[in-house]
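First up is the structure itself, then whatever we jot down about it.
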There are 2 protein chains.
Amino acid sequence: MKKYTIKDIAEQAGVSKGTVDRVIHKRGKVSQKALEKVTKILEEIDYKPNPIAQSLKNNKVYLICVVLPDPKEDNFWIPCVDGVNQAIEEFRSFLVDIKLFFYGPSSTQSFKEVNEQILKLTPDAVLLSPLFQKESINAIKSFRSAGIVVSTFNSQIDLEQAVSFVGQDLYQSGRVAAKLMHTIVPDHHDIVICHFSESLSNAIHMQQKEKGFRDYFNGLKGADHTILTLSVDQADPDQSLVNFLESNNKALAFFVTTSKSYNLVEILQGLNRKNTKVIGYDLLDRNNDLLRKDKISFLIHQSPKTQTYIGLTYLIEHFLFNKEIPSKKLLPIGIVNSENLITYLEN
Amino acid sequence: MKKYTIKDIAEQAGVSKGTVDRVIHKRGKVSQKALEKVTKILEEIDYKPNPIAQSLKNNKVYLICVVLPDPKEDNFWIPCVDGVNQAIEEFRSFLVDIKLFFYGPSSTQSFKEVNEQILKLTPDAVLLSPLFQKESINAIKSFRSAGIVVSTFNSQIDLEQAVSFVGQDLYQSGRVAAKLMHTIVPDHHDIVICHFSESLSNAIHMQQKEKGFRDYFNGLKGADHTILTLSVDQADPDQSLVNFLESNNKALAFFVTTSKSYNLVEILQGLNRKNTKVIGYDLLDRNNDLLRKDKISFLIHQSPKTQTYIGLTYLIEHFLFNKEIPSKKLLPIGIVNSENLITYLEN
DNA sequence: TTGAAAGCGCTAACAC
DNA sequence: GTGTTAGCGCTTTCAA
């Protein structure tokens, strides 16, 4: 298992290392004869340059900026920060510098400002969650024209704009929830899809999930479910829920499209409504407690921590070792109940 | 964001790079005075050597051998081979050489032979699935005394023998299955735990899963389930199943502790038994088909591909970049239904 | 006990 | 067009 070096190839071809390097990187200034000779050898041995040596030569500290909504305002994002920190820790001794930036989850203005601030730093790459469609496309454009590599996570925006996306298939995620609901709820049952939209930016997410959910039930043969959609009023979610529930006392099965299932469950408990089935998203502490107590049947895990962690490792390994960045990575849709919860929390 | 090099430190301390290196690696032959000076600086800047430069210097091809049961004899292991191949592909250009070895899943003799063969190659590390308790401990001992790093996956053996284990908590996995069963099966129901033990080596696995499963139900307050255990006769599994089912026609809910759920389902279909609920393991093609057709309610995913892939990356990054090898990595227990199946298959 | 120097594989500047 | 050379950060040998 001999690994060939550029020196071996140079000797074999009877040229110098410099010439071999020129051939490898197609930098021209090589005679036809030398080119052919070297190319032939390269192909024969399927030469791959040692990425470690390449990286050492290129001793530059890569700057990567991560942009996401402030986890203090929406704790869905807390694990994303954990993922970033894990990457920082893991690559501490390498030549990478990772900086975190937060914006207000409902302020396009703060999103803009943060991006302008980052642009001034001219980082090598930006990893961002493009909550706001239009503003994100603008931001990505200006990053790219400054030669900055842009990767995205969590929110998929229709684009050839970004190099890479790490996240989940939200339509499929709605189908998963529907299938679970179908397994735990008898036929002839009313099912309620609840949208808690703390920031309008989630609208697309919620729609895709709803579509998947409804499509699943529409596709059933002898199906007979009434599916309602409830968009919880942001101004006063609790009252909005109470009103709905009091006028729909047959509603016992709920699919919450955001991480707010705890909010719904607390209201249900307040109204003393029994035998409800709730399926929601995200392993927040308050959700986890209710899952353990069987007040929530299933949570769907969107792997927020993994999303940022993987997004970052793609970038880092690209810079350090010339690895290709996958253009799209859709993570598995995790189904979580009270018993496998712990195995997700420990990872 | 300046990264310090040993040259910087040497200059700061007024000594040579050699001396700094001696301090860092505690190789002695350093005067008290120099030692203190350098140590102080190292601590102040929290110096971490550049692992890329270290690795480049150490230009050695690391040999890692992977030992697992022949996937032709038990296709549970096919994805494990995929995981190995993924790691090979990903680290193709680095100085690592990964070799695969198979043994007969029910032949301790072939396990022994393979290990002897590997011992002769004196690899740097071995990653193995220690199916056979006793023989594995012996093998690991001889590897370790030859200075070979040993990591394990899939089967946990009670040991400080191996450096690392990647796998799942099987007891918890049984609990997950039980919880799922509990959600989909009415009370007052007979539940059957089915052990298909194609090789005796699985015995411990199955026991742990059974224990978790039973413990879950025993822990319920107003529970009222009859749980039977069926150990399917290896000599003639089909007949053995038919006999059992004909004398237990109340049995409609089944937990299959191995990847053979398809086998049970086919028999159930042959007997034309309806309304059965089956929970099993592993995303084999035959299981997946039945999951899609709703003949299996849930499959539990043990992430075999990830197990070998992670096991290998731990070893490789340890050798190449001095990363620490986690002594135990328990992967999330995946709950799979017809809708999130595809998201697992694509990963 | 210490410093100087060579070299790992690769790149890029420079001289011819 | 081509070869030579210096140097990335670190380790290790050798001479002092």
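Basis for what follows: all heavy atoms, side chains included, without hydrogens, waters or symmetry-related copies. The structure displayed is predicted, hence computed values, not measured ones.
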Of Leu128(B), Asp70(B), Leu121(B), Val126(B), the residue whose pairing with Phe101(B) passes side-chain contact (heavy atoms from CB on, under 4.5 Å)
Leu121(B)

Does the Ser136(B) side chain pair with the main chain of Phe132(B), one donor and one acceptor, at a distance under 3.5 Å?
yes

Closer than 3.5 angstrom, by distance alone: can the side chain of Asp124(A) be matched with the main-chain N or O of Ile64(A) as a donor-acceptor pair?
no

Does some side-chain heavy atom of Phe153(B) sit less than 4.5 Å from a side-chain heavy atom of Cys80(B)?
yes

Take atom NZ of Lys57(A) and atom C1' of dA6(D), then tell me their distance rounded to the nearest Å.
7 Å

Before accepting this row, confirm whether a basic side-chain N of the pair Lys40(A)/Glu44(A) lies closer than 4.0 Å to the acidic partner's carboxylate O.
yes

Tell me whether Ser129(B) contacts the main-chain N or O of Leu131(B) through its side chain, where contact means a donor paired with an acceptor under 3.5 Å.
no

Starting from P on dC10(D), measure out to NZ on Lys3(B) and report it in whole angstrom.
11 Å

What range of DNA chain C does chain A touch, first nucleotide to last, counting atoms under 4.0 Å from its heavy atoms?
dG9(C) to dA12(C)

Is there a donor-acceptor contact under 3.5 Å from the side chain of Thr343(A) to the main chain of Pro332(B)?
no

Would one find a side-chain N or O of Thr5(B) under 4.0 angstrom from OP1 or OP2 of dG9(D)?
no

With distance as the sole test, does Asp8(B) use its side chain to make a donor-acceptor pair with the main-chain N or O of Tyr4(B) at under 3.5 Å?
no

Rounded off to whole Å, could you give me the CG-to-C1' distance for the Asn58(B) and dG9(D) pair?
14 Å

To the nearest angstrom, the CD1-P distance between Ile6(A) and dG3(D) comes to 13 Å

Which ones in residues 19-27 of chain B lie close to DNA chain D, meaning a heavy atom under 4.0 Å from one of its atoms?
Asp21(B), His25(B), Arg27(B)

Nearest whole Å is fine: how far is dT2(D) P from Glu11(A) CD?
18 Å

Taking any heavy-atom pair under 4.0 Å as a contact, classify Tyr47(B): base, sugar-phosphate, or nothing.
sugar-phosphate

Under 4.0 angstrom, heavy atoms only, what part of the nucleic acid is Lys7(B) near: base, sugar-phosphate, or nothing?
nothing

Is it the case that Gln117(B) and Glu113(B) place a side-chain donor and acceptor less than 3.5 Å from each other?
no

Grab the NZ-C1' distance between Lys60(A) and dG9(D) for me, whole Å please.
18 Å

Nearest-nucleotide 5' precedence on DNA chain C, Leu56(B) against Gly18(B)
Gly18(B)

Could you state the NZ-C1' distance from Lys48(B) to dC10(D), rounded to the nearest angstrom?
17 Å

Rounding to a whole Å, what distance do you find between Lys29(B):NZ and dT11(D):P?
17 Å

